[in-house]
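The next block holds one structure in the form of structure tokens; read it before the comments.
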Amino acid sequence: MNARGRLRVLLGAAPGVGKTYTMLEEGRRLAGEGVDVAVAVVETHGRAATAAMAEGLEVVPRRVVCHRGVDLTEMDVDAVLARRPQVALVDELAHTNAPDSRHDKRWQDVEQLLAAGIDVVSTVNIQHIESLNDVVEEITGVPQRETVPDEVLRAAEQVEVVDLAPQALRDRLAGGFVYPAERIDAALSNYFRLGNLTALRELALLWLADEVDQALRHYRDEHGIDSTWEARERVVVTLTGGPEGETLLRRGARIAARSAGGELLAVHVTSQDGLRAGNPAMLAEQRALVHKLGGTYHQVVGDDIPAALVDFAKAVNATQIVIGVSRRGRLATALTGPGIGAAIIREAGHTDVHVVNHASAGRGLTLPRMGGALTVKRRVLGFLLALVGGPALTWLLVRFRSEESITSDVLSYQLLVVLAALVGGIWPALFAAVLSGITLDFFLVEPLYTVTVGHPSHLLALALYVVIAVLVSFVVDRGARLTRSARRAAAESELLATVAGSVLRGEGAIPALVSRTREAFGLRAARLVTSAGVLACDGEPDGDDDHVTTVPVGARATLELHGDDLAASERRLLAVIVTQLEAAIEHSDLAVTAREVEPLAATDKVRSALLSALSHDLRRPLAAATAAVSGLRAARASLTDADRDELLETADESLSTLAGLVTDLLDVSRLQAGVLAVSRIAFDPADAIVPALDELDLGPDRVELDLDPDLPPVDADPVLLQRVVVNLLTNALRYTQEGQKVRLTTSTFGDHVEIRVVDHGPGIPAERRDDVFVPFQRLGDTDNTAGLGLGLALSRGFVEGMAGTLAPEDTPGGGLTMVVTLPVAEAPAADGAGPPAARPAGAATTAPTTTAATTTAATASAKGVGAGAHPHR
């Protein structure tokens, strides 16, 4: 039986980094060393350099599959198995095979080749790894339907990253080495954005680093290696929830930063009963600081803190552990031992431990804490049981005392000690043990009525009383802790789940929190009060004599609790609710502000753009009309008929333009009154692009169109969009050389539609791109005959008023590409009156009161602006 073949995968961050080229280059190298190499399948994508690298290698012919009248070519697995090379080169591991193929995926074909003993060299991009698919979609906005299971790559003999700097990849793309010319513009602005490529590159490197780290851990486990291998610094900082945490984290971050690739890991240990949780507020602040310092936060559960910390450090192959000097005083240390720090140092083995001093380190003579989980009431009952039950039991035993009753006397007192421990814990149990020991010796042990130990066994009995009392009280105290922790967790979970359910069922978050607070603590009423009045209320207060507890909720609200005081254990749960209330109030305020500002901002952007253009354009027609009329009056007799006609035509044109501008000013006043807003409707962008071409009288000899026939409708104003397209086309044509065309394309990217106007002119330097959007700004300010420099500023205002963006980008090969991005319209409701295109022009999504008449006025207004304000860079 043949040994299984080995898989080698070349991993890339994005298409075009050189994976296929590297695979073929490796094939040529192996062939040159005498290895039998065959190309099972290679995808050159029309790249000349890749095709040239495949020359000289044996290529196994592909299998042709006819699907719906289209011939598709796939790797011929049977032919490769029959050829049986030592190494097969298989491109695009994540490829989906044509229907009716033996396997659905190419990686399954590769599995068959490996099972036959053939080594395989393959390629894959980071976006095709199954576990990273959603992450890549979030980064790029492009879903990937072809994926490879992670276990396939983890089973590979080798995984190598073919790396290329993001800017170098963009340069290759712009140079036409990756995609054909017609796909370059959209690729550079969408998937191949610099930020996208940087994130994908980091993702690929981190994935490989994690695989290497996992392989290292697997090797150490196989060989039973417990010692630390300092491949890179991993610094574990222990957090107790105390004030020293910030000092420890910053020190740990400095240690990690001393070596390249150092990692910072913060860990907090909680007990299984959840009672050793530290200060929640401090832990939250320290967790945020960990993320700011570039580290990760971890929480582990364990009753043995040193063992839990050391186990965690060994599990992550830590090289350093940072702990703080104990906050306990010297007396506490003397009574209870050196503490956790010494245990960590003792158990850390080869891992270095840094003990950091801090402002909270223990000073002075302070007693150790001897707290318990039992309530004060139970402790008092325990002491009462010892005080009352002891004398009563003594009277009863003395009355029936005999020489044979000493055993039952001892057991009776022992029962009293156990009962005191069960009821009140350690201190009542110790008190009962000492009291019963003395009473037993005084009243029931010879010699009577003296506190004299006549036999060593009597002293042993007293010691046993104390030991049993401590042990029983420890069990009782621990059980009380577990019970209290369970009840607290159940109450918190039930309350938070109830609140979440109330919100999901449609209740407001703030009223639901107030209502559930009253119910959880059994209060008569609960009210959330602000300076403006009562924000939410549940229940009815009893009146003036009602006891009220007030709790601040942020800086603007107060929670009033009408009823009995809350116990200390309930205050912690209340703190959680107050935090949730504060967040809910802030979210509510932000939502209200957003709703108020959004329509005002959209209208204001359009109003500002229109007013700037109209006020400036009044000068030109007014000056021209004045000059023409003055010329007619001053030289009536000397003018020829042609001169007179020209002056009259100038005056007529100028006055007509002026009349249009005045009309537009009236429309702007309607805008200020709120009658006319941005009339966003769902429509096909082509319905604004085609009229713009007609307005400029542009044909195929000047503009090349590439409109996506499957483009979804956009949510925008068709009138304003037409003005934007007119301005951008005018601007592009001005800087396009004779014989070249302006290119206009549309495409979909995620939930947005992009309209791109591409020219091959001189372009704009990156540092000057923001200047072209400044009103009355022409790049260079040397040409005073071509308009007012308002076109691009006006266009950006229109686009942003439609919740879109207008951004300049470089055209590959030189030039400028203006990209208009608009949101895709939401699907119409089931009871709508028809498709979006059939809706009247006045049916605006943001201004339902807009009428068709005012929309017509907006059209006239926009055209008036365009007539006198052509754009310039």
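With sequence neighbours left out, Arg201 forms a salt bridge (Lys or Arg N to Asp or Glu O under 4.0 Å) with Asp163. When the side-chain hydrogen bond (donor to acceptor under 3.5 Å, both in side chains) test is applied to Gln167, the partners found at least two apart in sequence or on another chain are Asp171. A search for side-chain hydrogen bond (donor to acceptor under 3.5 Å, both in side chains) contacts involving Glu586 returns nothing, not counting sequence neighbours.
Considering CG of Asn125 and CD of Glu146, their distance stands at 11.0 Å, rounded to 0.5 Å. Distance NE2/His291 to OG1/Thr296: 8.0 Å, rounded to 0.5 Å. With rounding to the nearest 0.5 angstrom, the CG atom of Asp715 is 9.0 Å from the CG atom of Leu822. Once rounded to the nearest 0.5 Å, the distance linking CD1 of Ile755 with CG of Asp708 reads 11.5 Å.
Residues Thr821 and Val799 form no side-chain contact, since every pair of their non-hydrogen atoms from C-beta on lies 4.5 Å or further apart. By the 4.5 Å heavy-atom criterion applied to side chains, Glu800 and Leu806 are not counted as neighbours.
Residue Arg702 qualifies as open at atom CZ: its count of foreign heavy atoms under 6.0 Å is 12 or below. More than 12 heavy-atom neighbours from other residues, nucleotides or ligands sit within 6.0 angstrom of CG on Asp701.
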Could you walk me through whether Asn731 and Asn727 pass the side-chain contact (heavy atoms from CB on, under 4.5 Å) test, one step at a time? CA-CA 6 Å; Asn731 191 74; Asn727 286 341; over 6 Å; no

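Salt bridge Glu695/Arg723: present, at least one basic N to carboxylate O contact under 4.0 Å.
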